[in-house]
Each structure stands twice: as C-alpha cells, then as structure tokens.
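Chain letters run A, B, ... following the sequence lines, proteins first, then strands; residues in each count from 1.
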Amino acid sequence: MKYPYTQQFRQNLVEWFHREQRNLPWRHTKDPYKIWVSEVMLQQTRVDTVIPYYQRFIDKYPTLESLAGADEEELLKMWEGLGYYSRARNLQAGVREVVEKYGGTVPNNRHDLQKLKGVGPYTAGAILSIAYNLPEHAVDGNVMRVLSRVLHITEDISLPRTRKIFEKAVDELIHPDYPGDFNQALMDLGAMICTPVSPKCLLCPVREYCLGFMEGDADQLPIKTKKTKSKNEYYDVYIAVNDGKILFERRPSEGLLANMWQFPMMPKKQPSENTWEPFELKYNVTITKVLEENFVEQKHVFSHLTWNMSCHLIEISENGPFPDSVQFVTLKEMEALPLPVPMAKIMNILNRYIFHSPE
DNA sequence: AAGTCGGGGGC
DNA sequence: GCCCCAGACTT
C-alpha cells in the first residue's frame with residue numbers, strides 16, 4: 001500500500017525546517033565547491049566536529065583552484081584529527097578533475113559528479129539538491145533512520161542494497177520546490193528530533209504522518225543487524241633521540257593513516273614479544289642509552305582495530321643511511337607534519353615529560 | 001556483500 | 001564498554 005501523506009509530510013517538514021533549522025557555516029553559501037567540502041567532511045562525522053575544520057579549511061582553500069594547487073602534506077595537516085584521511089586526498093583529486101575536465105565548474109548532474117573521486121551517491125545528491133536546487137535524493141544513515149520510521153520500512157539498513165529502497169522513497173517524497181531544504185530537513189530532523197535513541201516524537205513536526213509513531217515502534221527502527229568486530233594489535237613504539245632530534249617516519253602511501261607521520265613502530269604478535277634488536281636492524285640505528293624503558297602504555301581504538309602501544313624512550317646513534325620515509329626531526333619541525341591522533345597523544349605526553357618534568 | 005578506513009560523543 | 005555518525009572505495 002502506498003504512503004498516503006506525501007503532500008502533508010513534505011510540506012510540514014520543510015516548514016519546520018524554515019523555522020527551526022540549525023545555523024551552520026555551510027548554509028550561508030550556495031557555492032558548489034564549499035557544499036562539496038562540507039559534505040565530504042560530514043561523511044561519518046558529526047556536525048559539531050566538522051564546524052571548526054570547515055572554517056579553517058575554507059579560509060585556507062577558499063576556491064576550488066586553491067585546493068587543486070595545495071601541497072598534499074599541508075592538506076593532510078588541515079585534515080589532522082578529522083579521520084578518514086583518504087577523504088582529503090580524494091577531495092583534492094576530485095577538485096583537480098573538475099579544474100581539468102570541466103573548466104573549474106562543478107558538474108550539475110549525477111552521472112558526472114559520481115565519477116569524481118570521493119563523490120558517491122549521497123554526496124552527489126547533496127551537492128545537486130543543495131547547491132543546484134535539483135530534486136535528487138541524498139540518502140545517508142540519518143535519512144534511512146528517519147524514513148524507516150516515517151514509512152515503517154523494516155529492511156536491514158546494514159545491507160548495501162537496502163539504500164535503493166530509501167532512494168526510491170525520497171524520489172517520491174522530495175519537495176519539488178525545495179529539494180535542498182527537504183534533504184537538509186531530513187538531516188536536521190534526524191539530528192534534533194528523530195534521534196537514534198530516545199526519539200522526541202512528541203516534539204516531531206511530522207508525527208501525524210509517521211507510520212512508526214502510529215504503530216508505536218518508531219524507537220525500534222531502523223533494523224540494523226551487522227555488527228563490527230575489532231581486533232587487537234600490539235606495537236613497540238620507539239621515541240628515539242639523537243642530538244635533540246627524534247627519529248620519525250612517514251607511513252606508506254596506501255592503507256591505514258596513509259602518508260601520515262609516526263614514531264617508529266614495531267608490530268608484535270604477543271605483548272611480551274621483544275623487538276629491540278629487530279628495531280635496531282630495521283632502522284639501522286644503535287641504541288646507546290635507555291632513558292625510560294616503559295615510558296608509557298598507550299591504547300588507541302579505531303573502528304575496526306585497537307592499537308596497544310608500549311612506548312620506549314631511548315637514545316640512539318645516527319648510523320644510516322635512512323630511506324626517504326625516515327628522518328630525524330626537531331620538535332619544531334614535527335609540528336608541521338600531519339600526525340594521527342595516537343601519535344599526537346604520545347607527543348603530548350612527551351612534551352609534558354620534557355618541559356614539566358620534576359627532575 | 002563484506003572489509004577497510006578515524007575519531008569522538010552519548011549513554 | 002558499545003553504538004553511531006551528512007559514506008566511499010576496494011575486493
């Protein structure tokens with residue numbers, strides 16, 4: 001049976017949005033480039049986290065051309081702490097494609113947009129509807145949650161194919177006069193009212209048209225089965241000092257935390273495994289003094305794995321030669337390098353140790 | 001379809 | 001601790 005409240009739902013939702021929408025930095029522009037930047041940053045990332053990054057990023061790269069010409073390490077530094085760093089590289093690659101193939105104008109059709117690096121079905125729809133005011137669906141986790149309740153859709157949203165059901169639903173529901181506002185209204189509703197736990201149905205502007213609310217099981221939706229299991233990884237981390245400089249290395253250009261910088265790390269199968277000699281061999285250094293054998297134990301949880309790091313503070317002799325990815329850097333030089341959060345944590349502890357140590 | 005890819009906030 | 005977030009890409 002067909003959903004009978006299409007007209008009222010879309011109208012009440014958009015009217016509510018026009019009254020209650022959040023004041024967000026990227027809502028003061030229709031520049032497709034800036035909308036694009038915001039949407040990429042918002043992938044799997046909360047609004048409150050993104051806001052300061054977005055503002056710094058637009059200040060530094062105010063135009064598509066400025067981002068196209070940016071230095072990659074500087075770009076990564078701007079993204080530092082935001083996570084999913086391939087987003088930054090893909091965004092720059094996409095922007096460069098637009099400069100080269102489309103003369104600097106962001107495409108206004110789904111076909112060309114989705115061919116750009118880092119632009120998938122959601123981001124394409126968001127750019128099209130918000131920047132170009134076109135009636136295109138932009139289905140994310142938020143929209144699936146809201147519409148699973150409104151339309152009482154009980155398909156498992158953890159299955160990739162389920163997204164198509166919601167895209168079709170949006171195609172029918174979307175407000176033809178305010179497509180961008182409609183899509184953003186679904187987001188705001190999901191963020192403020194139709195929340196994952198304890199949805200505020202009594203405050204909802206469209207509860208009269210919500211099948212889930214009528215059934216009384218809105219808070220049980222959406223159905224999501226798949227659960228992620230994470231595994232433990234163990235490392236020795238060597239903070240290796242020589243003449244005021246610290247041994248540092250750039251991670252490989254692909255995979256986890258690609259191209260970001262770290263203290264040298266030796267993977268261990270067991271926490272008890274000893275990697276001191278393998279470390280000397282791998283990095284071609286000699287340990288001359290152990291300053292703090294157990295400097296700090298640091299744990300860092302990623303979405304799919306956990307790093308358990310045993311950090312050691314040592315002095316080494318500079319043997320070399322070293323590959324390009326390995327360098328001695330001063331604390332000052334280190335500040336300019338993009339560090340993943342687990343390394344920034346260790347860095348903070350090291351700074352406190354150096355500058356505030358009681359001894 | 002399942003894994004990979006960060007980090008933080010809320011409970 | 002666990003869940004989820006304005007997802008995309010690879011295999």
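- Among the protein residues, Gly255(A) comes within range of the sugar-phosphate backbone only, with heavy atoms under 4.0 Å from sugar or phosphate atoms but none that close to a base.
- Closest to the side chain of Arg27(A), out of dG7(C), dC5(C), dA6(C), is dA6(C).
- Using a 4.0 Å cut-off between a side-chain N of Lys or Arg and a carboxylate O of Asp or Glu, Asp156(A) and Lys224(A) do not qualify as a salt bridge.
- In the region residues 46-66 of chain A, proximity to DNA chain B at under 4.0 angstrom, judged on heavy atoms, holds for Arg46(A).
- If you measure from atom CG of Asp219(A) to atom P of dC4(C), you get 14 Å, rounded to the nearest angstrom.
- Across all strands shown, Ser303(A) has heavy atoms under 4.0 Å from base atoms, whether or not it also approaches the sugar-phosphate.
- Look at CD on Glu39(A): it is 13 Å from C1' on dC5(C), rounded to the nearest Å.
- Within the shown strands, nothing qualifies as a pairing partner of dG6(B) under the Watson-Crick or G-U definition with both distances less than 3.5 Å.
- Taking atom C1' in both dG3(B) and dA6(C), one finds a spacing of 22 Å when rounded to whole Å.
- Pro222(A) comes within 4.0 angstrom of no nucleic acid atom, judged by non-hydrogen atoms across all strands.
- Distance NZ (Lys115(A)) to C1' (dA8(C)): 17 Å, rounded to an integer number of Å.
- Residue-level contact check: Arg163(A) touches neither bases nor backbone, having no heavy atom under 4.0 Å from any strand.
- A salt bridge does not link Glu273(A) to Lys269(A): none of the charged side-chain nitrogens sits closer than 4.0 Å to a carboxylate oxygen.
- Between Phe295(A) and Tyr353(A), the angle of the ring planes goes over 60°, which puts this pair in the perpendicular group of the 30/60° scheme.
- Hydrophobic clustering of Ile, Leu, Val, Met, Phe, Trp and Tyr side chains at less than 4.5 Å, counting indirect connections, unites Leu339(A) with Val296(A).
- Residues Asp217(A) and His152(A) bring a donor and an acceptor atom of their side chains to less than 3.5 Å of each other.
- Rounded to an integer number of Å, the gap from CG of Asp188(A) to P of dA6(C) is 10 Å.
- Relative orientation of the Phe248(A) and Phe263(A) rings is perpendicular, given thresholds of 30° and 60° on the angle between their planes.
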Please enumerate all protein N or O atoms sitting under 3.5 Å from an N or O of nucleotides 9-11 of chain C, with distances to 0.1 Å.
unit_1 : atom_1 : unit_2    : atom_2 : d
dC9(C) : OP1    : Gly118(A) : N      : 2.4

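- Within 4.0 Å of Thr123(A), counting heavy atoms only, lie sugar-phosphate atoms of the nucleic acid but no base atom.
- Whole-Å rounding puts the Leu186(A) CG to dC5(C) P distance at 14 Å.
- We find that CG of Leu42(A) is positioned 13 Å from P of dC5(C), with the value rounded to whole Å.
- Residue Trp79(A) is out of contact with every strand shown, counting any heavy-atom pair closer than 4.0 Å.
- In the 5' to 3' direction, nucleotides of DNA chain B lying under 4.0 Å from heavy atoms of chain A begin and end at dA1(B) to dG9(B).
- Comparing the P positions of dT10(C) and dG6(B) gives an interatomic distance of 14 Å, to the nearest angstrom.
- A salt bridge does not link Lys115(A) to Glu97(A): none of the charged side-chain nitrogens sits closer than 4.0 Å to a carboxylate oxygen.
- Residue Gln44(A) places at least one side-chain N or O closer than 4.0 Å to OP1 or OP2 of dG7(C).
- Looking at Glu167(A) and Arg163(A), a side-chain N of the basic residue comes within less than 4.0 Å of a carboxylate O on the acidic one, giving a salt bridge.
- At whole-Å resolution of the value, OH in Tyr84(A) and P in dA8(C) are 12 Å apart.
- A salt bridge is defined here as a Lys NZ or Arg NE, NH1 or NH2 lying under 4.0 Å from an Asp or Glu carboxylate O, and Asp188(A) with Arg27(A) meets this definition.
- Nucleic acid contact class of Ile130(A) (heavy atoms, under 4.0 Å, all strands): none.
- One atom, CG of Asp140(A), and another, P of dA8(C), lie 9 Å apart when rounded to the nearest Å.
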